[in-house]
Colleague: 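After the structure tokens below, expect a handful of questions from me.
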Amino acid sequence: MAYLFETEEHAAVRQIVKRFAATHVAPRGAEWEENEEFPIELYRQAGAAGVTGIGYPEAVGGAGGDLGHVLVASEEMILVGRSVGTTVGLGSHGIALPPIVRFGTPEQHARFVAPALRGDKIAALAVTEPGGGSDVANLATRAVRDGDDYVVTGAKTFITSGCRADLVTCAVRTGGPGHGGISLLVIERGTPGFEVSKKLRKTGWWASDTAELTFTDCRVPVANRIGPEHGAFAMIMMNFAGERLMLAGQCVAIAELAYREAVAYAQQRTAFGKTLTGFQVTRHKLAEMATRIAAARALVGECTTRVLRGEQAAGLAAMAKNTATDMCSFVVDHAVQIHGGYGYMREVLVERLYRDARLYPIGGGTREIMNEIVAKAEGY
Ligand SMILES: Cc1cc2nc3c(=O)[nH]c(=O)nc-3n(C[C@H](O)[C@H](O)[C@H](O)COP(=O)(O)OP(=O)(O)OC[C@H]3O[C@@H](n4cnc5c(N)ncnc54)[C@H](O)[C@@H]3O)c2cc1C
């Protein structure tokens with residue numbers, strides 16, 4: 001089932017990504033998940049195939065389109081490529097670049113955005129710190145102005161693509177305490193004092209790298225600041241709203257894939273002389289999975305449409321993320337159950353999807369923080 005907002009343009013995007021994922025990802029995605037890394041050439045291949053630029057204005061080197069095109073592109077990557085880790089690693093520019101596109105100068109577009117959309121540079125976003133991720137207003141990484149540079153000291157953690165990133169859109173404290181003292185700096189790989197201190201091992205998303213980064217007296221040119229000094233909190237929150245819909249869309253795609261796997265398995269596996277779909281309890285389980293996927297897709301689609309119309313939809317986006325993550329947790333769990341013992345085996349796709357799905361109520365703002373946003377939007 002497609003999103004209700006989809007047009008012929010979205011169908012064309014689906015075709016482009018389907019072709020790319022079938023050729024470049026599906027044949028080796030499972031191996032990359034086991035190896036906890038996909039080849040770095042994939043960035044360039046995705047750039048050349050026009051996949052990385054989907055959703056970005058042509059003026060900054062993109063292929064055109066909007067958040068709706070991003071959603072359908074990542075759905076095809078997951079459905080056809082069958083490697084969530086590769087999808088999110090390859091897509092880390094999707095959270096790193098939007099603030100630069102929106103608030104950066106033409107020079108910053110040329111230096112940072114265009115090379116990342118060509119697949120020549122890897123981009124990551126670094127907001128979360130070892131001391132806390134939810135409480136963004138209290139982040140501690142310090143950037144002190146010294147002439148034409150900022151001197152940055154601090155650490156970031158859980159950074160997707162951080163191990164291989166050429167540029168990191170990094171939230172730092174340039175001013176006083178609270179949300180009014182935060183700026184965004186693009187910190188480039190090779191800057192003295194910028195170090196990947198650890199590659200982190202995790203429950204799922206294995207093919208994507210996740211890093212802890214440290215900055216020790218790291219001199220970053222003022223020319224790398226995105227937007228006004230101390231003015232980044234609103235940019236970060238705006239970026240989160242888009243990220244939440246992208247994550248919700250990934251949940252819809254993961255659940256759809258797990259559901260298809262469960263249906264195929266239930267149609268051929270026999271027990272007590274009939275296929276699993278011969279049992280009403282299995283049919284109802286599958287029906288419940290399909291229903292929840294359809295409901296989450298409808299809400300994610302509606303919220304995306306409202307965002308694209310320019311409506312304030314922070315509360316609805318938070319609702320969509322929680323609805324989609326809950327749905328996905330439910331669907332992958334049932335998909336494993338329908339597979340019986342095979343569902344617990346490493347070589348079976350739903351086992352991996354079950355682990356991948358656990359990230360979504362945490363990343364990009366936790367389930368609890370989403371409810372805080374909903375409560376605020378509802379006015380209590
Ligand atoms: C695989 C992975 C990839 C990630 N990628 C990135 C990335 O690329 N860039 C990046 O910047 N970050 C990234 N993150 C970080 C992610 O966004 C944070 O983990 C998340 O925002 C939560 O922050 P935290 O882990 O510090 O948890 P904490 O903020 O310490 O929260 C711990 C618990 O307390 C709860 N809690 C906190 N405050 C409240 C409150 N006010 N009310 C109720 N409950 C509360 C939380 O909901 C949570 O359950 C990634 C994380 C993971 C696991």
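As a basis for the values below, the full set of heavy atoms in this structure was taken, side chains included, without hydrogen atoms, waters or symmetry mates. Atoms within a ligand are numbered from 1 in the order they appear, just like the ligands themselves.
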Colleague: Where does the angle between the aromatic ring planes of Y360 and W205 fall among parallel (under 30°), tilted (30 to 60°) and perpendicular (over 60°)?
Modeller: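 Y360 and W205: perpendicular rings.
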Colleague: If I compare all heavy atoms of A22 with all of P27, which pair ends up nearest, and what's the gap?
Modeller: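 Where A22 meets P27 most closely, the heavy atoms are O-CD, 3.3 Å.
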Colleague: As a test of understanding, state which of R352, R346, R355 forms a salt bridge (Lys or Arg N to Asp or Glu O under 4.0 Å) with E33.
Modeller: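 For E33, the salt bridge (Lys or Arg N to Asp or Glu O under 4.0 Å) test succeeds with only one of R352, R346, R355, which is R352.
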Colleague: List ligand 1's nitrogen or oxygen atoms that come under 3.5 Å of a protein nitrogen or oxygen, with the partner atom and distance.
Modeller:
{"from": "ligand 1", "atom 1": "5 (N)", "to": "F158", "atom 2": "O", "distance (Å)": "2.7"}
{"from": "ligand 1", "atom 1": "5 (N)", "to": "T160", "atom 2": "OG1", "distance (Å)": "2.8"}
{"from": "ligand 1", "atom 1": "8 (O)", "to": "T160", "atom 2": "N", "distance (Å)": "3.0"}
{"from": "ligand 1", "atom 1": "8 (O)", "to": "T160", "atom 2": "OG1", "distance (Å)": "3.3"}
{"from": "ligand 1", "atom 1": "9 (N)", "to": "L125", "atom 2": "O", "distance (Å)": "2.9"}
{"from": "ligand 1", "atom 1": "11 (O)", "to": "V127", "atom 2": "N", "distance (Å)": "2.8"}
{"from": "ligand 1", "atom 1": "11 (O)", "to": "T128", "atom 2": "N", "distance (Å)": "2.9"}
{"from": "ligand 1", "atom 1": "11 (O)", "to": "T128", "atom 2": "OG1", "distance (Å)": "3.2"}
{"from": "ligand 1", "atom 1": "12 (N)", "to": "T128", "atom 2": "OG1", "distance (Å)": "2.7"}
{"from": "ligand 1", "atom 1": "14 (N)", "to": "F158", "atom 2": "O", "distance (Å)": "3.4"}
{"from": "ligand 1", "atom 1": "17 (O)", "to": "G364", "atom 2": "N", "distance (Å)": "3.3"}
{"from": "ligand 1", "atom 1": "26 (O)", "to": "G133", "atom 2": "N", "distance (Å)": "2.7"}
{"from": "ligand 1", "atom 1": "29 (O)", "to": "S134", "atom 2": "N", "distance (Å)": "3.0"}
{"from": "ligand 1", "atom 1": "29 (O)", "to": "S134", "atom 2": "OG", "distance (Å)": "2.6"}
{"from": "ligand 1", "atom 1": "47 (O)", "to": "T366", "atom 2": "OG1", "distance (Å)": "2.6"}
{"from": "ligand 1", "atom 1": "47 (O)", "to": "E368", "atom 2": "OE1", "distance (Å)": "2.6"}
{"from": "ligand 1", "atom 1": "49 (O)", "to": "E368", "atom 2": "OE1", "distance (Å)": "3.4"}

Colleague: Is the shortest distance from a Lys or Arg side-chain nitrogen in E36 or K202 to a carboxylate oxygen in the other one below 4.0 Å?
Modeller: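 So E36 does not pair with K202 through a salt bridge.
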Colleague: Once you measure the plane-to-plane angle for F272 and F279, does it fall in the parallel (<30°), tilted (30-60°) or perpendicular (>60°) bin?
Modeller: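 Judged by the thresholds at 30° and 60°, the geometry between F272 and F279 is perpendicular.
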Colleague: With no hydrogens and no angle check, just 3.5 Å: does a side-chain donor-acceptor pair link N224 and R111?
Modeller: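 There is such a pair (donor and acceptor under 3.5 Å, judged by atom type) between the side chains of N224 and R111.
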